[in-house]
Structure formats: structure tokens, C-alpha cells
Amino acid sequence: MLLPSKAEVTRQLRRYRTWERMMLASPADRAVRTAFEDSGYTLCVLMGKRCAREAADAAEHFLGPLGTAALPQEPALVDTVVR
């Protein structure tokens, strides 16, 4: 079985969590919701899961106890939303 790189899993998990927080803060913002759903889909494909929540859990399990703390932070995604 092929496994994704830990760096890519970390990057996508951080992206998903960032968009999740933004979506919860602005649930009516369609651009934010679309970006959140896209990030969830990418994480699902990467982790081989059908549900974004399961994919996030699988990513955290795959990364181990240090999780995303071991790698540098992703730049802010706020600027990537087209409004």
C-alpha cells in the first residue's frame, strides 16, 4: 500500500483545520464554505476516506503523537479566498 508523505498530510490537515475554523466563524460565507469543503475532499482523497471527519482523524492518527506540531506553520489562507 502506498502511503502519503507526512509533510503533505500535515499540510492538508492544517489547511482543513484552518478552513474549518473560518467556516464556523462565518457559516454564511459561500467562498469560505467552498474552500472548507474542497480542503475536506482533498484530505479524503489523501487518506482514502469518504468522510472529511474520518479523514482528519485518520490524518491525526497517521501523524502520530506529535501531530502537526512537528512541522512549520502553513501561511495564512485568508488571502486565498476570492470574495
Does the side chain of Arg21 come within less than 4.5 Å of Thr18's, by heavy atoms?
-> yes
Exercise. Does the side chain of Met47 reach to within under 4.5 Å of the side chain of Phe62, using non-hydrogen atoms?
Worked result: yes
Rounding to 0.5 Å, atoms CE (Met23) and CG (Asp29) come to a distance of 11.0 Å
Rounded to the nearest 0.5 Å, the OG atom of Ser5 sits from the CG atom of Leu46 at a distance of 7.5 Å
Requested in this report: Decide yes or no for Pro27 and Arg33: does some side-chain heavy atom of the first lie under 4.5 Å from some side-chain heavy atom of the second?
Outcome: yes
Distance col, row Trp19:CH2 vs Asp38:CG, nearest 0.5 angstrom, shows 9.5 Å
Here the gap from Thr10 atom OG1 to Glu60 atom CD, rounded to the nearest 0.5 Å, amounts to 10.5 Å
Heavy-atom closest pair (Tyr16 atom, Ala56 atom, distance to 0.1 Å) is CE2-CB, 3.9 Å
Assess whether salt bridge (Lys or Arg N to Asp or Glu O under 4.0 Å) is satisfied between Glu37 and Arg30, documenting all intermediate values. CA-CA 10 Å; Glu37 290 172 356; Arg30 291 184 135 190; over 6 Å; no
Does the distance from a Lys or Arg side-chain N to an Asp or Glu carboxylate O, for Arg15 and Glu20, drop under 4.0 Å? no
Rounded to the nearest 0.5 angstrom, the CZ-CG distance for Arg11 and Leu43 is 11.5 Å
Rounded to the nearest 0.5 Å, the OG1 atom of Thr42 sits from the CG atom of Leu13 at a distance of 12.5 Å
Closest heavy-atom pair, Ala52 versus Cys44, reported as atoms and distance to 0.1 Å, is N-SG, 3.4 Å
